[in-house]
Every structure is written in structure tokens, then in C-alpha cells.
Amino acid sequence: MPMSMPGPEAWIRLLLRRLDEVVWGSLLLVTVSVGAVGAAMADQAGRQAMRLLGDQGFIGLEYPVLGVQEFCPLMVALVLALRVGAGFTAELASLRADDTFDALTVMGLKPWRTRIAPMLVALPLGAIVLTVTSMLTWELAGVLVMLGRSGINPFTFVHLEVLSPSLLLLLCAKSAAFGASVAVGAVFAAMRSPLPGDVGTTVTRGVVLGTLCALSINLAFDVGWYLA
Amino acid sequence: MSVALLVFESTGGLLLRLGQTLSSVARGRCDRRETIRLTDQGLRDVAVTAACGAVVIGGIVGLQGLGYLTRYAATEVFGWAAALSAFRDVGPQLLAFAVAARLGTRNTAETATLAARERLDAICALGADPTHLVVAPRTVAIVLVSLLLFPPCAMAMLLTAFVFALILGDQAIAISWWSVVEYVEPSLLLEGLSRMACFGLAIGLGTTHAGLALWQSERRSARDIGDAVYAGSVASVSAIVIVNLALSLLGGTG
């Protein structure tokens, strides 16, 4: 006799738990990664500008655009693919390896609804939240590096007015697409693995799939944005 | 507090593995046959992923350059800027992520499986040292694969960037190439190679260390191996971005 399925409230609790895992669990790594990449980019841009033009004034205008358009969503996607994607693939592959997935299906608990669907929703939502948060880290890293290395006043470096609504829309669309690609890559690798017992190899497939999907989607967005 | 402890524990563990690997290589005890086998296997494994990654990263580099080309009419320096991104600033880092995704996760999975299936205990029981047979060869092999992959992948990134600029921005390939020849110093490629070697070392140490965490522990299930792969991925990402920042702050301007 089938066991009782979780209702909408229980499903929302499952979704919130996944969101907590995606957002809170990845926040430190995303902050460190985006901050480190932002600091490196700002430093190199500042030094190149001084070497070629003798002026660093325009970097404050270009730096936030580079973050929103390219590096914040991409770094969040790569971190999610390597962190959440790996963990989620391992979880699903382990469920398949010890036949828990089949057991849940036989008991009528629909593991697709209780285990997979919450993550499919949580990853795009979490990616958007993390990317918006990482924008602050990106800008702060740029401010600190330009102040420390070149003595540029933060008030002259920060130009948030260059972030148009269409750029912010691009940021959200990219992040959601990256989050979805990581989730789909993990599910595809775990559920289609010919060797479900070999969790390590399955996780490798999931991570590679998520990483390459994120890079390819990023390129597609960039081409579309440039042509538009 | 637990995060700080984890960071200190991981840093200490990685430094220990680094010392073991360097000592093994310096004393000529690192198993050469195993290193060559792992390098060959790694190159075969990662070739397709790296090639796909290089083409996509080249496209991203080209489109970034095209944006500035359009805004500042900087036709003359497009090739130089694309080379700077592909050879040093963006290319090595994104390529390292691809290597970490394919080779790093596989290395953790294999090392964790060796630990969980008591193969490392068997090596010790035979009187051999896992440092010379497992840790050093795996770390050295990932460094070698990273170094061997970088020149063709960097060139693929650069050419893809030029092709994108030609198709989407009417930027002639001859002008882009002239810009590279005129402005790019050969030391830029060497700087990129040294970055890739550092990233490879970070990936090798981080993922091998994560796999060895299962050794002499009670956690040996399939789920524990998956968790080790996950820990190795986190270690790789952290190490790549921190090493990249350090090298950027210390490096030249190209």
C-alpha cells in the first residue's frame, strides 16, 4: 500500500532546506572566489591602464559591467557546479547504488518529487541570490585593491549608475540558466550512469557536464547580448 | 569556529602532502612508471573536456574583447588584449576549472576508492610507501597534464577569439595576429605556463588529500567516496582562485 505523499507545506519545507544548502552552504566559497577573481581583475586592469594610457579613471566605469556581465554569474556557476553539483550527484548516485531510489518508488513516495524537484527549483533561485550577493563582493574587492595598490578614492571608483536594468536582467537570466544547467547535469549524470555503484565516476560526469553546460550557456548569452 | 578549524586542518594537511611530494620527487623515489601511466591516462581523459572548454573560453574572451573594440574603436590592440586574457588573466584560470572538474574529481574518486577498499593498507603491508606510489605520482601527473595541455589550449582559445571577432565584429584575423606579434612578449606564455603549473599542483594536492581522508577511517561507503569527491572539488576551487590572486598581485603587467 503506498505511503502518504508530502503535501504542499512539506514540499515547501524541502525546497527551503535545499535553498539553505545551495545559498548558505555556498556563500563563503562564492564570496572568496568572486572576491579573489575581482581583486585580480581590478589589479591587472589598473596596471595595464597605467602602462598603456597613464590613466585609471575609466576602470571604475568598466569594472562593474565586467562583473555583472561576465564574471559574477560565471564564477557562481562554476562554484555551484563543483560544490553543489558534486554533492547532489553523489547523493542521487548513492540512492541508486543502494537501491533506495527504487525502494522509495515502490513505496509510492515518488523520489522525483521529494528528492529531485526541490533541487531543480532551488538551484536556479539560489544561483540568482548568490550572484546578486557576489556583485557586492566583486565591487568591494575592486574598491579595496584600487585603494590599496593605486590610492584611488573609493567614491571616484564606484559607478553603480552604469548598471542598467537590462544588465541586471541579463545577470538574473544567466544565473538562473546556470543554476538549472548544474541541476540538470547532476540529475542526468546520476540517473543515466551505466555504473550506479561507481559513485566517484558518476560524480565526475556530473561535475564535468555542469561545468561545460555553464560555460556553453555563458557563451550563448554573450553572443546574444553582443548581437542585441 | 568550525570553519576556521577546517581551514587550518586543510591547510596543514595540504602543506604536509606538498612536503611529502617534494621530498619524494627530490629524492627520486616518486614511481616513474606510475607517473607516466597517470599522465597518459589523464591526457586522454581530459583532452575532450579541455578542447571543448578552450573553444568556449576563447569565445568568451573574444566577445569580451569585442565589447571594448566597439566602445573604444581599439582595433589595433584587440589581438594583444585577447592574448593577455587567453594566455594569462582568464584562460589559465578557467582551464584549471575544467581540469579540476574532469581530472581532479576523478583523482579524488580513485584515491578515495583505494583508501576505502584497503589497497593503501595493502601497499603498506607489502613494505612500500603510498607517498611514493600514490601521492607523489598523482600530484606530479596532474601538474604535467596541466603543463602539456596549456600551449595547445591557449592557442585554441586565441584562435577562437579571433574567429569570433572576425564573424561578429569584422575584425580581420591578420590585424589581430599583427597585434599579438607586435605587442605580446614571449614571457607572457611562460607566465601562463607557470600559472598552470601552480594550478595543477593545487588541484593535485587538494584532490589527493581529500581522497586520502578516507584512509584509516571508518567511513568507507559509496556515499563517503562521493563526499570525498565533493570535498576535493571545494579544495580545488578555493586553491585555484587564491593562487590566481596571489600570482596576479605578484606578477608582471605583460
Side-chain angles (χ1 to χ4, degrees), chain A residues 28-29 32-37 39-41 43-44 47-48 50-52 58 62 65-66 69-71 74-75 78-79 81-87 89-91 93-94 97-98 145 149 196-208 210-212 215-216 218-219 222-223 225-227, chain B residues 3 49 52-53 55-57 59-60 63-64 66-68 70-71 77 81 84 88-90 93-94 97-98 100-106 108-110 112-113 164 168-169 211 221-223 225-230 232-234 236-238 240-242 244-249 251-254:
Chain A
L28 181 65
L29 192 57
V32 170
S33 306
V34 173
V37 173
M41 284 288 161
D43 182 55
Q44 280 300 324
R47 288 159 75 179
Q48 296 297 342
M50 275 310 283
R51 191 171 79 102
L52 293 174
F58 68 98
E62 295 292 348
V65 177
L66 188 67
Q69 207 174 329
E70 204 64 52
F71 283 99
L74 190 57
M75 287 308 298
L78 292 174
V79 168
L82 284 163
R83 204 199 83 83
V84 182
T89 313
E91 181 187 326
S94 303
D98 55 18
V145 164
R149 299 275 282 186
D198 189 353
V199 176
T201 307
T202 308
V203 172
T204 303
R205 286 199 180 124
V207 172
V208 170
T211 306
L212 286 181
L215 285 170
S216 307
N218 188 62
L219 181 60
D222 284 356
V223 171
W225 182 257
Y226 180 79
L227 293 176
Chain B
V3 173
T49 307
C52 296
V55 169
V56 177
I57 295 164
I60 294 169
L63 281 157
Q64 275 302 311
L66 270 178
Y68 297 114
T70 312
R71 283 201 290 281
V77 293
L84 206 61
R88 195 188 65 188
D89 291 342
V90 178
Q93 186 173 223
L94 292 183
F97 277 116
R102 184 71 187 91
L103 214 53
T105 48
R106 185 194 164 108
T108 317
E110 285 180 354
T113 306
F164 267 79
L168 296 173
S221 68
R223 177 63 198 263
I225 294 173
D227 287 346
V229 176
Y230 161 80
S233 299
V234 173
S236 299
V237 175
S238 315
I240 289 168
V241 294
I242 290 169
N244 182 61
L245 175 61
L247 293 175
S248 292
L249 294 176
T253 54

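Model, not experiment: these values are computed from the prediction. Computed from heavy atoms alone, side chains included, the values below leave out hydrogens, waters and symmetry copies. Just so we're on the same page: letters track the sequence lines, and every chain starts at 1.
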Can you tell which part of [X] gets under 4.5 Å to a heavy atom of chain A, answering side chain, backbone, both or neither?
{"X": "Glu110(B)", "value": "neither"}
{"X": "Thr49(B)", "value": "both"}
{"X": "Ile240(B)", "value": "neither"}

Most heavy-atom pairs under 4.5 angstrom with chain A, which of Ala109(B), Ala112(B), Ala98(B), Ser233(B)?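 When all of Ala109(B), Ala112(B), Ala98(B), Ser233(B) are compared, Ser233(B) has the most.
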Of all of Leu94(B), Val234(B), Val55(B), which one pairs up most often with chain A through heavy atoms under 4.5 Å apart?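 Option with the top pair count is Val234(B).
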Got [X] and [Y] here, is their nearest side-chain heavy-atom distance under 4.5 Å?
{"X": "Glu70(A)", "Y": "Leu63(B)", "answer": "no"}
{"X": "Met41(A)", "Y": "Val90(B)", "answer": "yes"}
{"X": "Thr204(A)", "Y": "Thr108(B)", "answer": "no"}
{"X": "Leu215(A)", "Y": "Ile60(B)", "answer": "yes"}
{"X": "Gln64(B)", "Y": "Tyr226(A)", "answer": "no"}

On a heavy-atom basis, which atom in [X] and which in [Y] lie closest, and how many Å separate them?
{"X": "Val241(B)", "Y": "Ala36(A)", "value": "O-CB, 3.6 Å"}
{"X": "Ser216(A)", "Y": "Val56(B)", "value": "N-CG1, 3.8 Å"}
{"X": "Asn244(B)", "Y": "Ala40(A)", "value": "ND2-CB, 3.9 Å"}
{"X": "Val208(A)", "Y": "Ala101(B)", "value": "CG2-O, 3.6 Å"}

Please look at [X] and chain B and tell me whether the side chain, the backbone, both or neither of the residue comes under 4.5 angstrom of a heavy atom of that chain.
{"X": "Leu212(A)", "result": "side chain"}
{"X": "Thr211(A)", "result": "side chain"}
{"X": "Leu29(A)", "result": "side chain"}
{"X": "Asp222(A)", "result": "both"}
{"X": "Val223(A)", "result": "both"}

For the atom pair CZ (Arg83(A)) and OG (Ser236(B)), what is the distance rounded to the nearest 0.5 Å?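 OG of Ser236(B) is found 14.0 Å from CZ of Arg83(A).
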Please name all residues satisfying salt bridge (Lys or Arg N to Asp or Glu O under 4.0 Å) with Asp89(B), sequence neighbours left out, ordered by chain then number.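 Per chain and number, Asp89(B) pairs via salt bridge (Lys or Arg N to Asp or Glu O under 4.0 Å) with no residue.
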Sub-3.5 Å donor-acceptor pair from the side chain of Arg149(A) to the main-chain atoms of Leu249(B), do we have one?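 At least one qualifying donor-acceptor pair exists.
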Return the option, out of Thr89(A), Val145(A), Leu66(A), with the maximum number of heavy-atom pairs under 4.5 Å with chain B.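 Going by pairs under 4.5 Å, I would pick Leu66(A).
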If you count heavy-atom pairs within less than 4.5 Å of chain B, which of Leu28(A), Val32(A), Asp43(A), Val84(A) leads?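 Top count of heavy-atom pairs under 4.5 Å with chain B: Asp43(A).
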Side chain to side chain contact (heavy atoms under 4.5 Å, CB included) assessment of Thr105(B) paired with Arg205(A): CA-CA 9 Å; Thr105(B) 48; Arg205(A) 286 199 180 124; over 6 Å; no
What residues, two or more places apart in sequence or in another chain, satisfy side-chain hydrogen bond (donor to acceptor under 3.5 Å, both in side chains) together with Ser33(A)?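 In terms of side-chain hydrogen bond (donor to acceptor under 3.5 Å, both in side chains), with neighbours along the sequence ignored, Ser33(A) is linked to no residue.
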